[in-house]
Protein chains: 2
Amino acid sequence: MDTFDQTLAALADPTRRAIVQRLGGGEIRVTDLAKPYAMSLNAVSKHIRVLENARLVRRRRAGREHFLSLDPQPIEAIGVWIAEQKAVWAARLQSLDALLQAEDADAINHGKTGHD
Amino acid sequence: MDTFDQTLAALADPTRRAIVQRLGGGEIRVTDLAKPYAMSLNAVSKHIRVLENARLVRRRRAGREHFLSLDPQPIEAIGVWIAEQKAVWAARLQSLDALLQAEDADAINHGKTGHD
DNA sequence: CTATTGTTCAACCCATAGGTTGAATATAGC
DNA sequence: GCTATATTCAACCTATGGGTTGAACAATAG
């Protein structure tokens, strides 16, 4: 699994998206981060691990406390991918449009409109 | 799993992303779509099913042939989510900035710069 | 030194994902 | 009607994901 795959897979889980959203507001300790969730601290710890592997989250150790922060880069990479896809769709629609116009021109040359 | 989760999970698989990309170029038959992949037709069929459940792909039946097309909406929904996250980050950076400026002003009032 | 707090590691459980193969179904062509 | 083509359905296998609990480890507090 490459990093891009990992980013998408990581974000596919609602708990992890909530964590990402929370970290968008700034650094936070593991325990504090875990507090709102109905699952064990261990489970949250595992989610954090997944986010770290996807490079979405960085960890700063200060004594026994671990502070987590967001790395927005992988999310932006997804944004880029989406933009690329949109470009593909746009290109296709444009060429469809060109095709229709060419047909219209052709129809006019043959003395009919192609429309009803 | 809500639709948003499904969209991200669907796109987390490289085969499925390739399919999405291919469909960006227009409609295609299941068999033709499956041709390039090193896996069985059945496996591709399953991927298609996942994409349909995520509402990323629509199916048009013409006799025994099934033509697939892309529905860009769920992908755009992810784009929106990403834009929202960016807004959060931007807001935070802005308030950090305001904080620093306030500190500077305070420092000036006390006759020092805070810089070196 | 000991107790407490913050966090991970390890083992386990169960559900799901991604692949396989083989059979079933639906349509088309002759 | 028979055969071939397009596609799914069903059963199975193995690996992985998300959760649990209990123990370990690290650092602070008293």
Side-chain angles (χ1 to χ4, degrees), chain A residues 1-23 26-70 74 78, chain B residues 1-23 26-70 74 78:
Chain A
M1 224 181 21
D2 72 7
T3 304
F4 197 75
D5 296 34
Q6 284 185 320
T7 305
L8 285 160
L11 293 176
D13 182 279
T15 301
R16 287 193 293 259
R17 273 203 309 283
I19 290 177
V20 163
Q21 194 136 15
R22 190 106 179 271
L23 289 177
E27 254 192 2
I28 190 168
R29 288 193 321 151
V30 170
T31 305
D32 293 339
L33 182 64
K35 230 157 243 159
Y37 302 107
M39 68 191 70
S40 72
L41 175 62
N42 276 0
V44 174
S45 181
K46 276 179 153 193
H47 281 303
I48 293 167
R49 176 58 95 103
V50 171
L51 290 166
E52 277 186 291
N53 287 341
R55 309 281 178 241
L56 278 162
V57 160
R58 280 188 308 248
R59 182 188 303 258
R60 175 174 69 84
R61 259 155 272 234
R64 63 185 163 183
E65 295 167 293
H66 298 201
F67 287 87
L68 306 173
S69 61
L70 184 70
I78 293 177
Chain B
M1 228 186 9
D2 71 10
T3 304
F4 197 75
D5 297 35
Q6 284 185 319
T7 305
L8 285 160
L11 294 176
D13 183 280
T15 301
R16 286 193 295 258
R17 272 202 309 282
I19 290 176
V20 162
Q21 195 135 15
R22 190 106 178 270
L23 289 178
E27 255 191 1
I28 191 169
R29 287 193 322 150
V30 169
T31 305
D32 293 338
L33 182 64
K35 230 158 245 159
Y37 303 107
M39 69 192 69
S40 71
L41 176 62
N42 276 0
V44 174
S45 181
K46 276 180 153 192
H47 281 302
I48 293 168
R49 175 59 93 102
V50 171
L51 290 166
E52 277 187 290
N53 287 340
R55 309 279 178 242
L56 277 162
V57 160
R58 279 188 310 248
R59 182 189 304 259
R60 175 173 70 85
R61 258 154 273 234
R64 61 184 165 183
E65 296 166 293
H66 297 201
F67 288 87
L68 306 172
S69 61
L70 184 69
I78 293 178

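So you know, we letter chains A, B, ... as the sequences are listed, proteins then strands, and number each from 1.
Minimum atom distance to the side chain of A:N42 is reached by D:dT20, of the listed D:dT20, C:dT20, D:dT7. For A:T31, counting side-chain heavy atoms from C-beta on, the closest listed nucleotide (C:dG6, D:dG17, C:dG18) is C:dG6. The side chain of A:M39 has D:dG19 as its nearest neighbour among C:dG18, D:dG18, D:dG19. Among the nucleotides D:dT8, C:dT27, D:dT20, the one closest to any side-chain atom of B:R64 is C:dT27.
Of the possible donor and acceptor atoms, one in the side chain of B:T7 sits under 3.5 Å from a partner among the backbone N and O of B:T3. Between the B:R17 side chain and the B:L11 main chain, a donor and an acceptor come within less than 3.5 Å of each other.
Within the 4.0 Å cut-off from OP1 or OP2 of D:dG18, at least one side-chain nitrogen or oxygen of A:R16 is found.
Across the protein-nucleic acid pair, B:F67 atom CZ and D:dA6 atom C1' stand 11 Å apart, rounded to whole Å. What separates CG of B:D5 from P of D:dG17 is a distance of 16 Å, to the nearest Å. In this structure, CZ of B:R61 is placed 12 Å from P of C:dA26, rounded to the nearest angstrom. B:M1 has its CE atom 12 Å from the C1' atom of D:dG17, to the nearest Å. Rounded to whole Å, the distance from CZ on A:R60 to P on C:dT7 is 12 Å. Between the CG atom of A:L51 and the C1' atom of D:dG17 there is a distance of 14 Å, rounded to whole Å. Computed from coordinates, the A:R29 CZ to D:dA27 P distance equals 15 Å when rounded to whole Å. We find that CZ of B:R59 is positioned 9 Å from P of D:dT7, with the value rounded to whole Å.
Among the atoms of the strands shown, only primed sugar atoms or phosphate atoms (P, OP1, OP2) are found under 4.0 Å from some heavy atom of B:D13.
Dense packing is recorded around CZ of A:R22, with more than 12 heavy atoms of other residues, nucleotides or ligands lying under 6.0 Å away. The number of heavy-atom neighbours closer than 6.0 Å to CZ of B:R29, taken from other residues, nucleotides and ligands shown, is above 12.
Along DNA chain D, the nucleotide nearest to B:S45 and the one nearest to A:A62 differ in position, and the one closer to the 5' end is contacted by B:S45. When each of B:K46 and A:K46 is assigned the nucleotide of DNA chain D bearing its nearest heavy atom, the one mapping closer to the 5' terminus is B:K46.
Residue A:K46 holds its NZ atom at 14.0 Å from CG of A:L51, rounded to the nearest 0.5 Å.
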